[in-house]
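Residue numbering restarts at 1 for every chain, and letters A, B, ... go by the order of the sequence lines. Below, all heavy atoms of this structure are taken into account, side chains as well, without hydrogens, waters or symmetry copies. What you are looking at is a predicted structure, and each value in this text was computed from that prediction instead of being measured.
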Protein chains: 4
Amino acid sequence: MRTNQGFAGDDRGTFGGRMRRAQIERAAAEVLSEVGYAAASVSRIADRAGVSKGVITYHFATKDEIFRRLAVQLLDGCAAHITDRVPDEMPPALRLRARIHAELEYFASRRIEFLAMAEVMANHRDEDFGRAFEGIAESDIDTVAGILREGQEAGEFRPLDAHEAAHLIDAAKNGVLDRWAADESLDLEPMSASLLDFVARAVRADGA
Amino acid sequence: MRTNQGFAGDDRGTFGGRMRRAQIERAAAEVLSEVGYAAASVSRIADRAGVSKGVITYHFATKDEIFRRLAVQLLDGCAAHITDRVPDEMPPALRLRARIHAELEYFASRRIEFLAMAEVMANHRDEDFGRAFEGIAESDIDTVAGILREGQEAGEFRPLDAHEAAHLIDAAKNGVLDRWAADESLDLEPMSASLLDFVARAVRADGA
Amino acid sequence: MRTNQGFAGDDRGTFGGRMRRAQIERAAAEVLSEVGYAAASVSRIADRAGVSKGVITYHFATKDEIFRRLAVQLLDGCAAHITDRVPDEMPPALRLRARIHAELEYFASRRIEFLAMAEVMANHRDEDFGRAFEGIAESDIDTVAGILREGQEAGEFRPLDAHEAAHLIDAAKNGVLDRWAADESLDLEPMSASLLDFVARAVRADGA
Amino acid sequence: MRTNQGFAGDDRGTFGGRMRRAQIERAAAEVLSEVGYAAASVSRIADRAGVSKGVITYHFATKDEIFRRLAVQLLDGCAAHITDRVPDEMPPALRLRARIHAELEYFASRRIEFLAMAEVMANHRDEDFGRAFEGIAESDIDTVAGILREGQEAGEFRPLDAHEAAHLIDAAKNGVLDRWAADESLDLEPMSASLLDFVARAVRADGA
DNA sequence: GATGAATGAGCCTTCATTCAT
DNA sequence: GATGAATGAAGGCTCATTCAT
C-alpha cells in the first residue's frame, strides 16, 4: 500500500499529479488572499478548487505544506526573474534600480499570489511557534547591501550603513507592494516611480 | 441584550476590575507576541494570566475585543505621545524627524505590545473577512504628507509626490520597528539613526 | 455564618426579603414568557429585575426553585380562585361551567404568568429527566370527572367515560388558554364562550 | 459559503449518507423523548447513536436542523397519511371523524417520534426568540373549519363558530396524543373512541 | 487517483453556582 | 443583604487528518 507521505514536496510524479497540485495551490492562494490565513481552511480550499477534501490530503502531506510551497515558489520565481533581468555587470546605481524594478514587475502580474505569500510569511510558524519565514529575505538584503558597498567604492553612493540601508530599501519596497496588493484600484506604475526616485535620492553621493 | 456580565468597552468599573482587565490584556499581548495570532487562544491567554478561562469572558465580551483593545490602546497611546512631543511650530524638516523619532521612542519600551499589535493588525478581520485595521494609519500618513508639502513650500524639501513619499516613509519606519521587534538582540538606536538619515536624504531639497 | 440554603422555598423572612423574592419571580416570569425556557438564564433574569446575579442566588437556592415556585404559586392561586367561586352546591352542569369560567377568568389577568407557567410545566425535569409536573392536573381532572358522574346520575349529562371526558375538557380548555396567551391580539371572551358551548354540547344528555 | 461538508436540507447523497442521517435522527428523537429539549445535547445524541460528535456535524449543519427535520418530517408524513385516507367526497361528519382517526392512527405507531416532535415544537425558537413552529397547524385547522362549515350547510352540524370549534377539536385531539405519549401504559384505542364521540356530540345538529 | 465518511482535539462562549468582601 | 468576581463544566461547532472503498 502506497502511503501519501511520499508525495510531500514532491515535484516528480505524473503530469496529472502536477496539474492537480498546481490547481490546489492556485485555489489555496485565492482563498488566502480573500479570507486571510486564519480562515483559510482545507475545506474552503477544496471548495474553491472544486475537489473533495480528500484530494488535498492525497497530494499534500499537510495543509502547511501547501502554504509553504506557495510562498517558496513565488519567492524562487521572483529571485529567478531578478537574476534574469539584472546582469552583474551593471553599474551599482543602475543595478539597484533594476533589481527593485524587476521585483515590482514580477509581482505586478501576480497580485493574488503576492497576497497569499504575504499571509503565509506573516503567519506561518513551526511547531515551536517560531516564525517559519524569519530571515527569508536576508540573502536578498545582503545582495543589495553588497551593491550599496560597491557603489560607495565607485563614488556613486554616499557613506551609509549598507546593511541598514538595504533593510530600509527592502521595507519601502515591501510597503509599496503591500499597499498596491491590498487595493485593487491602485496603479503600481506611479508608485513604483516614486519608490525608485525616493531610494535613489536617499543613497546617492552628494556630488552625483 | 446586555447581561450583567462583561464590561465590553467599558472604562468605568471598579479598581479591581480595571486591574484584572489590564492583567488579561498583558497576558494576551505576551501570548500574541510569542505564538502568533492563530495560536493565541483564550485558553492560552488564561493560562498565561493564571486565571480560569471564565474570567476572560467575564471581563471581555469576546476574544476579539481583547485584541482590538490591545491594538487601539497602543495606537492611541502612540498618537498621544507624538502629539505631546512634536509642536506644530517646528519647521518641517525637524518636525518630520521629531515625529519619526517620537514614534520609535514610544515603541522602544513596548516591544511585546508592538508585536502583539502587529499580529492583530495583520490578522484581525471582520465577519466578511475584510481587514479590520485597513487604513488605520491613513490619517497619520496624511499628516506626514502635509508636513512634506509645507516643507516643499518652504524650500526645505525637494519636489515629490507628498502622499507617496509619506507612505514610503511610513513603510521604512515600520520596517525598522518590525525588524527590531522580531529580534531581541537588536539595538533600536543605530537603526533609528539610519532611518532618520535615510529619510532626510530622500526628501531634502537639492540645495539644502 | 448564615447559609442561604435556609431560604429555599421559605415564605417567612423579612418583609424586604419577600418583596425581593416577588420581584425576582416577576422578572423570571417575564423572561420565561419572552425568550422561553431554554434561554431563561439567571443573568437575563437578574438583568430584567435590575439586580445583580448574586441577589438571586441569595434568595433562591437554585434557578429551578424560582421556576418551580412560579408554577406552583400560579397553580395554587388558580385552585383557590376556583374554589372561592364555585360552591359545591351548584348543580353539575352549572358547576362545570363555573369551574371552566373561573379558570379562564383567573388567567385572563395573568397572561405573562400563564406563559411562564406553561414553559416551566412543559420543560421542568427532575434530575433523572422525569417531568417534574407530570400529573399535576390530575386531581383537578378527577374533580371534573366527579362532577360529570354526579351529572350523569342527575340525568343532566349523557353516558360517557367521565375520566376520559374530564381529560378532553381539560385539553380543550388548555388549548384555549395557550392560543390566547400566545397571541396578544386575541380576545379571550368569545373564545371562552365557544369553549363553554362546545363542552356543554359534548356532555349534555340527549333530552336536555 | 458552502463547504463540502454538511448535507443540510439535502435529500440527495449516497445511500450510506441517508442511512447515517436516519440513524442520527432516530437517536435524536430518542434522546429528545427521554431527557427533553433542554438536555438533548449533541453529545448525548452522538452517544446514543454510537458515533462521535463530529459525525453529527458532518451530516447536519446544526443541531437545530436535526430537530427541525424531525418535526417537519413527522408533520409531513402525518399530513400525507391523512390525505391518503380521507377522500374529499366523504360527507362532513364522516370526514371529520376520519381525519381525527387517521391522525391518531398515524402517531399510534410513532410514540417516540411524537414525543420528540412535541418537544421541538414547544421549544424551538428562532434567533429573536420567536416560536419557530408558531401557527404550523393553522392550515390543518382551517381545513377542519371548512369541513365544519360544509357540514353546517348540509345540516349535519349545529350553528357554531367554525374556526373556534376547529381549534377546540385540535386541542382535544392533541390532549389525547400528549397524554397517551407521556404514559406508555395507556391504550390509545379507547381514548380515541372517547375523543371521537366527544367531538361528534359537540358539533352535531340538534336533530341529528 | 479520488472520495465521502469519520474522528477527536480544540475552539469560543454560556451558564449555574460559589464566595469573599 | 447585596455585590462583583471567579470558577469549571458543558455547550455547539470547526477543523486537519486518517482511512476504507
Requested in this report: For side chain to side chain contact (heavy atoms under 4.5 Å, CB included), just list the numbers for D/L75 and D/M117, CA-CA rounded to whole Å, side-chain angles, deciding distance to a tenth of an Å, and then say yes or no.
Outcome: CA-CA 8 Å; D/L75 250 11; D/M117 179 192 73; 3.6 Å; yes
Requested in this report: State which of F/dA16, E/dT13, E/dA6 makes the closest approach to the side chain of D/S52.
Outcome: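 Per side-chain heavy atoms of D/S52, the pick is E/dA6.
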Query raised in the report: Please give, in whole Å, the distance from E/dT7 P to D/I56 CD1?
Result: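 Distance check: D/I56 CD1 to E/dT7 P gives 10 Å.
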Query - Nucleotide opposite F/dA9 in a Watson-Crick or G-U pair, distances under 3.5 Å - result: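 With both distances under 3.5 Å, F/dA9 matches E/dT14.
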Report task. Between D/V51 and C/T62, name the one whose nearest nucleotide on DNA chain E is closer to the 5' end. Result ->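 With D/V51 and C/T62 compared, the 5'-side residue is D/V51.
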Requested in this report: Without swapping roles, check the side chain of B/R48 against the backbone of B/A28 for a donor-acceptor pair under 3.5 Å.
Outcome: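 No, B/R48 side chain to B/A28 backbone: no donor-acceptor pair under 3.5 Å.
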Report task. Please tell me which of the listed nucleotides, F/dC13, F/dT3, E/dT17, lies nearest to the side chain of C/V55? Result ->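 Among F/dC13, F/dT3, E/dT17, the one nearest the side chain of C/V55 is F/dT3.
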Query raised in the report: Is there a donor-acceptor contact under 3.5 Å from the side chain of A/R21 to the main chain of A/H59?
Result: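 Not a single qualifying donor-acceptor pair exists.
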Query raised in the report: So, C/Q23 side chain and C/A49 main chain: donor-acceptor pair closer than 3.5 Å or not?
Result: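 Yes, because the side chain of C/Q23 sits within donor-acceptor range (under 3.5 Å) of the backbone of C/A49.
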Query raised in the report: Which sits closer to the 5' end of DNA chain E, C/V42 or B/D64, going by the nucleotide each is nearest to?
Result: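 Checking each residue's closest nucleotide, the 5'-ward one belongs to B/D64.
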Query - Whole angstrom value for the distance that separates P of E/dA6 from CZ of D/R20 - result: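 Rounded to the whole Å, the gap is 4 Å.
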Requested in this report: Specify the residue among C/G50 and A/A38 whose closest nucleotide of DNA chain F lies further upstream toward the 5′ end.
Outcome: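 Comparing both residues, the 5'-ward one is C/G50.
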Requested in this report: Would you mind reading off the distance between B/Y58 atom OH and E/dT13 atom P, rounded to a whole angstrom?
Outcome: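 Checked: the OH to P distance equals 17 Å.
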Query raised in the report: Please give, in whole Å, the distance from F/dT14 P to D/H59 NE2?
Result: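 These atoms are roughly 15 Å apart.
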Query raised in the report: Across all strands, who's sitting opposite F/dC15 as a Watson-Crick or G-U wobble pair, both distances under 3.5 Å?
Result: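 The base-pairing partner of F/dC15, which may sit in any strand shown, is E/dG8.
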Query raised in the report: Roughly how many Å is it from CZ in C/R68 to P in E/dA16, rounded to a whole number?
Result: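 For the pair C/R68 CZ and E/dA16 P, the rounded distance is 15 Å.
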Query raised in the report: Who does F/dA20 pair with, Watson-Crick or G-U, both distances under 3.5 Å?
Result: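 Matched F/dA20 with E/dT3 under the 3.5 Å cut-off.
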Query raised in the report: Counting distance only, does the side-chain N/O of C/E119 pair as donor-acceptor with the main-chain N or O of C/S33 below 3.5 Å?
Result: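 It does not hold such a pair.
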Report task. Ignoring the backbone of C/S41, work out which of E/dT13, F/dG12, E/dC15 is nearest its side chain. Result ->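 The nucleotide sitting nearest to the side chain is E/dC15.
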Query - Spacing of B/K53 atom NZ relative to E/dT14 atom P, expressed in whole Å - result: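 From B/K53 NZ to E/dT14 P: 12 Å.
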Report task. Measure the distance from CD on A/E127 to P on F/dT17 and round it to the nearest whole Å. Result ->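 After rounding, the reported distance stands at 13 Å.
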Query - Atom-pair distance (CD1 on B/I66; C1' on E/dT13), nearest Å - result: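 In whole Å, E/dT13 C1' lies 12 Å from B/I66 CD1.
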